[in-house]
Amino acid sequence: MSETSPKLRAELEGIPTYKPGKPAAGAAAGGRVAYKLSSNENPYPPLPGVMETVAAAAGSFNRYPDMACTGLMSELADRFAVPLTHLSTGTGSVGVAQQLLQATSGPGDEVIYAWRSFEAYPIITQISGATPVQVPLTPGDVHDLDAMADAVTERTRLIFVCNPNNPTGTVVRRAELERFLDRVPRDVLVVLDEAYREFIRDPQVPDGVEIYRQRPNVCVLRTFSKAYGLAGLRVGFAIAHEPVAAALRKTAVPFGVSQLAQDAAVASLRAEDELLGRVGSLVCERTRVVEALRGQGWTVPETQANFVWLRLGERTVDFAAACEQAGVVVRPFPGEGVRVTIGETEANDIFLKTTEGFRKEL
């Protein structure tokens, strides 16, 4: 009998595997504590009240969660002053992004995004069977919105604008975004991926929710994984006009957002004062790190996220190894550069000491 295997979709051939940030396993050389700066996680513990809420919810996880996420949806509707019918939840903003592709794009369709940008975009695009259209960033590592608008064809179904951009931290400002949206056909969905929205301090960067209110073809993605510190519970959401939001609810994995995640998200939303204080501290650390790097002679793009980007080209892997040896794990993109999360002060200090020594070797 000849050996055969199940037939799988041809679109899966060549799809890259998502590479999570490397964990800080064990101790660094010399027995020092190792820090993880590779996944843009919040270094703070859960916000006040969250642990108690999750512990209470854990007593009933023999039951299915509320599939409609009723409490969380109500809280989000009040927080953002949007109708319930304009909301949808999912397993992190990346889970919602994949639902958007299922709802809009298939074989023969095109999806546009900047590159380099969030590495899940090409993966979820190809899974849907659509064709990725990658538009290079400008030399300053910013979205080239003119080139992205030029790339739109009659086959374009969806455009991702990651703002701030992961992994460069750079932003798209209001005037250029509005000009871009004016050029995009109204039947093409523009997704403003704002996973790092809470860290923005540039007043020229618009809140995507304000943009969505005026443009039916704009969808905003947000997450509780970054500023809110719920990365391990996987809950994100979209704000979009009713046809898009309804399609997202249709494509959602049933019971995908656990009750623990729902209840933790509601508790986190209600701890806003503490959240703002923590985010403010991380922004201050971000400023300190960027100023120190520039003082050492590095060229660092202006970042509005909770990470910094260093272009290192062929030295990228060597630099990542030097960081790991020193006690911090960063996220290398071989041949391009490293993304480094703003973490604990001690971790940031180790990173800066490493960059100082590495700079002298260049």
Asker: Which heavy-atom pair separates R186 from L181 by the least distance, and what is that distance?
Answerer: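 Result for this residue pair: NH1-O, 3.4 Å.
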
Asker: Evaluate E110 against T153 for side chain to side chain donor-acceptor pair (under 3.5 Å), listing each step before the verdict.
Answerer: CA-CA 8 Å; E110 295 178 345; T153 72; 2.8 Å; yes

Asker: Name the orientation class of the two ring planes belonging to F199 and Y196 (parallel below 30°, tilted from 30 to 60°, perpendicular beyond 60°).
Answerer: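 Because their plane-to-plane angle lies in the 30° to 60° range, the rings of F199 and Y196 count as tilted.
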
Asker: Charged N to carboxylate O below 4.0 Å: is that the case for E119 and R339?
Answerer: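 R339 and E119: not salt-bridged.
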
Asker: For L37, does its backbone N or O pair with a side-chain atom of T341 as donor and acceptor, under 3.5 Å?
Answerer: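 It does hold such a pair.
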
Asker: Is the ring pair F319/F358 parallel, tilted or perpendicular, if the boundaries are 30 and 60 degrees?
Answerer: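 Aromatic pair F319/F358 classed perpendicular.
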
Asker: Taking V54 as the starting point, is it possible to reach F61 by hopping between hydrophobic residues whose side chains are less than 4.5 Å apart?
Answerer: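 In one cluster with F61: V54, yes.
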
Asker: L72 vs F224, test: side-chain contact (heavy atoms from CB on, under 4.5 Å). Steps then yes/no.
Answerer: CA-CA 12 Å; L72 176 56; F224 286 91; 4.2 Å; yes

Asker: Hey, is E291 close enough to R294 for a salt bridge, meaning N to O under 4.0 Å?
Answerer: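 So E291 does not pair with R294 through a salt bridge.
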
Asker: When rounded to the nearest 0.5 angstrom, what is the spacing between CG in N166 and OG in S117?
Answerer: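 The CG atom of N166 sits 6.5 Å away from the OG atom of S117.
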
Asker: Linking I/L/V/M/F/W/Y whenever their side-chain heavy atoms sit closer than 4.5 Å, directly or via other members, would F80 and L87 fall into one cluster?
Answerer: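 Per the 4.5 Å side-chain linkage, F80 and L87 are co-clustered.
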
Asker: Let's go through Q204 and V171 carefully: what are the C-alpha distance in whole Å and the side-chain angles of both, what is the deciding distance for side-chain contact (heavy atoms from CB on, under 4.5 Å) to 0.1 Å, and is it a yes or a no?
Answerer: CA-CA 9 Å; Q204 296 183 57; V171 290; over 6 Å; no

Asker: Is there a path of hydrophobic side-chain contacts, each under 4.5 Å between heavy atoms of I, L, V, M, F, W or Y residues, that connects L137 with V308?
Answerer: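 Each belongs to a different hydrophobic cluster.
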
Asker: Checking salt bridge (Lys or Arg N to Asp or Glu O under 4.0 Å) for the pair D146/R179: CA distance, chi angles, key distance, verdict?
Answerer: CA-CA 9 Å; D146 288 337; R179 283 196 303 270; 5.7 Å; no

Asker: Do NZ/NE/NH1/NH2 and the carboxylate oxygens of R174 and D202 come within less than 4.0 Å?
Answerer: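 Here R174 does not pair with D202 in a salt bridge, since their nearest N and O are not under 4.0 Å apart.
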
Asker: When you measure from the side chain of R116 to the backbone of A114, do you find a donor-acceptor pair of N or O atoms at a distance under 3.5 Å?
Answerer: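 The answer is no, because no donor-acceptor pair under 3.5 Å joins these two groups.
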
Asker: Thinking salt bridges, do R215 and E178 make one under a 4.0 Å N-O criterion?
Answerer: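 Yes, charged N to carboxylate O under 4.0 Å.
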
Asker: Applying the side-chain contact (heavy atoms from CB on, under 4.5 Å) criterion to I159, which one of N217, V184, V133 satisfies it?
Answerer: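 When N217, V184, V133 are each tested with I159, the side-chain contact (heavy atoms from CB on, under 4.5 Å) holds only for V184.
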
Asker: Measure across T89 and V96 and return the closest heavy-atom pair with its distance rounded to 0.1 Å.
Answerer: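 The pair with the smallest heavy-atom distance is C-CG2, 4.1 Å.
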
Asker: So, are R222 and D207 salt-bridged, with charged N and O less than 4.0 Å apart?
Answerer: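 D207 and R222: salt-bridged.
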
Asker: Using modelled atom types only, decide if a donor and an acceptor are shared between the side chain of Q262 and the backbone of P65 within a distance under 3.5 Å.
Answerer: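 Side chain of Q262 to backbone of P65: no pair is present.
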
Asker: Linking I/L/V/M/F/W/Y whenever their side-chain heavy atoms sit closer than 4.5 Å, directly or via other members, would L310 and F333 fall into one cluster?
Answerer: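 Result: no, two separate clusters.
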
